[in-house]
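In what follows, a structure is listed as structure tokens, so that the remarks can point back to it.
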2 protein chains.
Amino acid sequence: MSSAGTDLGRRVTIRDIADATGVAPSTVSRALSLPDRVNHVTQQRIQQAARELGYVANSQARALTSGRTRAVAVLVSDITNPFYFDVIRGTQHQLSAAGWTQLLVDTEESADAELAALGAIATKADGAVLTASRLSDAQIARFAERTPLVVVNRRPAGVPSVLIDTPGGVEQAVQHLVSLGHRDVLYVAGPDSSWSNERRWRALVRVAKRLGVRVARISPHAPFVDSGAAAADAAVNAGATACIAFNDLIAIGMLTRLRERGVRVPEDMSVVGCDDIFGADFCNPPLTTMTSPIERAGRVAIRMLLARLGAAHSGAGQGPGSGPASGDDLPDGHAAGAVALPTHLTVRESTGPAPASPRRPT
Amino acid sequence: MSSAGTDLGRRVTIRDIADATGVAPSTVSRALSLPDRVNHVTQQRIQQAARELGYVANSQARALTSGRTRAVAVLVSDITNPFYFDVIRGTQHQLSAAGWTQLLVDTEESADAELAALGAIATKADGAVLTASRLSDAQIARFAERTPLVVVNRRPAGVPSVLIDTPGGVEQAVQHLVSLGHRDVLYVAGPDSSWSNERRWRALVRVAKRLGVRVARISPHAPFVDSGAAAADAAVNAGATACIAFNDLIAIGMLTRLRERGVRVPEDMSVVGCDDIFGADFCNPPLTTMTSPIERAGRVAIRMLLARLGAAHSGAGQGPGSGPASGDDLPDGHAAGAVALPTHLTVRESTGPAPASPRRPT
DNA sequence: TTGAAAGCGCTAACAC
DNA sequence: GTGTTAGCGCTTTCAA
């Protein structure tokens, strides 16, 4: 009892509309997808008939002939990680606002799965967003030649990318710790395969040198809350009084473990996370962290991709939103270049003054 | 330098394979999708050639002729809600294990968007999973006639559904509170449009009556952390000493607000959440909540859907997983019936003994 | 077991 | 402007 008209068994095709209105199927096609190339009156008649018959375009057929699917694939390396939820949220919003479809693919940290997905995607989607790809820059660049790609948190030459400027955040974090009297900072590393991990560490080393702070690094930890326990133990063992963790998941896990062990945060140990994911503000104590515009990164990635795919789209049929993706959050940065999104430090209760007699980190 | 063979500009089609092997395209098609209906030797030859040429089936074309897309749409009412993350995680895993594609759609709490999506989906996917649908039972049933559907947390007659048994959890929660000496329980309601909300409230009334507990209910709250502040104020104002919130988001928001106001949890007020989402274990204090097998619900929904769509699938080509969805987590419950997944209460530190002189709730 | 031919629903030249 | 004619890449009768 809503938008669907008279239903017969079969799905309505442009032929049905053609028969109903007495025009050729091709005219119907035009009236629906290129409305200006058709007499205004017949155009109206056709659209009317389409509505009455409850016509819904067959996207497969449309894709087969036109080569365009109006879908984009979003690849995440681990759908279990809350970080990606924000990315997905951003891509989803921007995509649906433009009337496009999102194909969500979890590559499960596997380069092979990623390759397979990229291969399969070529016919299913017009482009893809790669977040935290496990492929080499060369591999990414190669695929980018065939399929329009935008990468998030990677920077392969020639491929448009969206970068979250966590190095900038690292600088703020160190400065914050210094202002609290800390002189030693321990980096709780993320996975070796992570591009961001290296990037953060290098930024940390650079800033630390400039500010005269000693830094150390403990071995890689998988980006899960559960990894935080081992990380906390290692940090305590290293005599650390201030840690910067690869991400909030690890940091939150550390908080829990430190509490269990009776290590007070921030009195005995300051902890800084990265990303400001869901939960960082209500954990115990609330986490000082580098707030990343993650959702925005997702939106921006889609906007860049859609721009490359030819932004203008006549709203042919149904679907909530239509028209090109709107919004003013696309920083300047050339269509094929890299866009860097700023990060800022959000200070909460997990950081505080350095202990009076700091133990020395290893 | 991996799976892709000699590339020419164009994508490889079955024609290319046919030319390369000297058979007809139709034979190639058969060799790839119905391998047993072809001479074993030529079959091998064809598959070999396909591999060497780097053939990837065009899913559009396949869908156009066969009518099957090997994709399913998952509709969520608000992708912003962590509850759905777990659902999506479950659906994604089960789907990719079977070599299927997931189309993620955010209906943004709008019945119209949901209708539109369902219409559009018919050609894009072979079926859909509806979580927390905003449509009427009749509307859902009507769509289910055309498109295979599985609903989560709804129970329209004749449509297979996956139910998370939060009413069972409510019973445990009340009993827990009673055992702590509570005699008054306040229900912090979720949105009126939520089917689960009514269901939980009715369960609460029923159990409370049986156990001789007084219950009250405060007005609806949107399922966001931010709504928790108003909810907490209302609860305090009502003189409550024990609350059961519609979900963890609201409960976590309440925790924060109560802390700000100096109301101690659980000494002054016990708080119970629902769902056990990410964060419920590390908020402050950790939340007593009804643990729901959300991810499992997603997996089960997909398994039911795939079963209805004809589980057996010959692994024609690439893709990480192939073969029918495996796993042993499909509870008995008829293919077209309702499957109820049990919930259990996880007691953490947000609940404790009733205050000595309880104030009376309104 | 294999090939030839038709056609899925739509778009895109090309004529009229 | 609009109709006619070919396909897109694949599956699927129907014969051979």
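Order of the sequence lines fixes the chain letters, A, B, ..., with proteins taken first and strands second; residue numbering starts at 1 for each chain.
Between the side chains of Q60(B) and T69(A), not a single donor N or O lies within less than 3.5 Å of an accepting N or O. With 3.5 Å as the limit, one finds no donor-acceptor pair spanning the side chains of Q48(B) and Q44(B). A donor-acceptor contact closer than 3.5 angstrom links the side chains of T123(A) and S59(B). Between the side chains of E108(B) and S77(B), no donor-acceptor pair of N or O atoms lies under 3.5 Å.
Closest contact between the side chain of R30(B) and the listed nucleotides dG9(C), dG3(C), dG3(D) involves dG3(C). Checking dT2(D), dC10(C), dT2(C) against every side-chain atom of V38(A), the shortest atom distance belongs to dT2(D). Side-chain proximity of S26(B) to the nucleotides dC10(C), dG1(D), dA4(C) is greatest for dA4(C). The listed nucleotides are dG1(D), dT1(C), dT11(C); the one nearest the side chain of N39(A) is dG1(D).
Side chains of L305(B) and V72(B) form a contact here, defined as non-hydrogen atoms less than 4.5 Å apart.
The separation between Q60(A) atom CD and dC8(D) atom C1' is 13 Å, rounded to whole Å. With rounding to whole Å, N58(B) atom CG is found 12 Å from dC8(D) atom P. Protein atom CZ of R62(B) is 19 Å distant from nucleotide atom P of dG9(C), rounded to whole Å. Here dC8(D) presents its P atom at 15 Å from CZ of R11(B), a figure rounded to the nearest Å. Between the C1' atom of dT2(C) and the CD1 atom of I17(B) lies a distance of 17 Å, rounded to the nearest Å. Between the CD1 atom of I14(A) and the P atom of dC10(C) there is a distance of 5 Å, rounded to whole Å. Rounded to an integer number of Å, the gap from CD1 of I46(A) to P of dC10(C) is 13 Å. Regarding L34(B), its CG atom lies at a distance of 10 Å from the C1' atom of dT12(D), rounded to whole Å.
Between R154(B) and D137(B) there is a salt bridge, since a side-chain N of the basic residue sits under 4.0 Å from a carboxylate O of the acidic one.
Checking L64(B) against R37(B), the closest nucleotide of DNA chain D that is more toward the 5' end is the one next to L64(B). Between T42(A) and A61(A), the one whose closest nucleotide on DNA chain D sits nearer the 5' end is T42(A). Summary of the strand contacts: R15(A) and T27(B) both lie near DNA chain C, and taking for each the nucleotide with the nearest heavy atom, the more 5' one is attributed to T27(B).
Neither OP1 nor OP2 of dT11(C) sits under 4.0 Å from any side-chain N or O of S66(A). For dT12(D), the OP1/OP2 oxygens have a side-chain nitrogen or oxygen of R68(B) closer than 4.0 Å. For the pair S33(A) and dC10(C), the criterion of a side-chain N or O lying under 4.0 Å from OP1 or OP2 is not met.
Here the straight-line distance linking atom NZ of K124(B) with atom CZ of R70(A) works out to 8.5 Å at 0.5 Å rounding. How far NE2 of H93(A) is from CZ of R299(A): 9.0 Å, rounded to the nearest 0.5 Å.
Between the two ends of the helix from dT1(C)-dA16(D) to dC16(C)-dG1(D), each summarised by a five-pair axis, the helix axis turns through 30° (rounded to 10 degrees).
Below the 3.5 angstrom threshold, one finds no donor paired with an acceptor across the side chain of S29(B) and the base of dT12(D).
Contact annotation for T123(B): no contact, since no heavy-atom pair falls under 4.0 Å across all strands.
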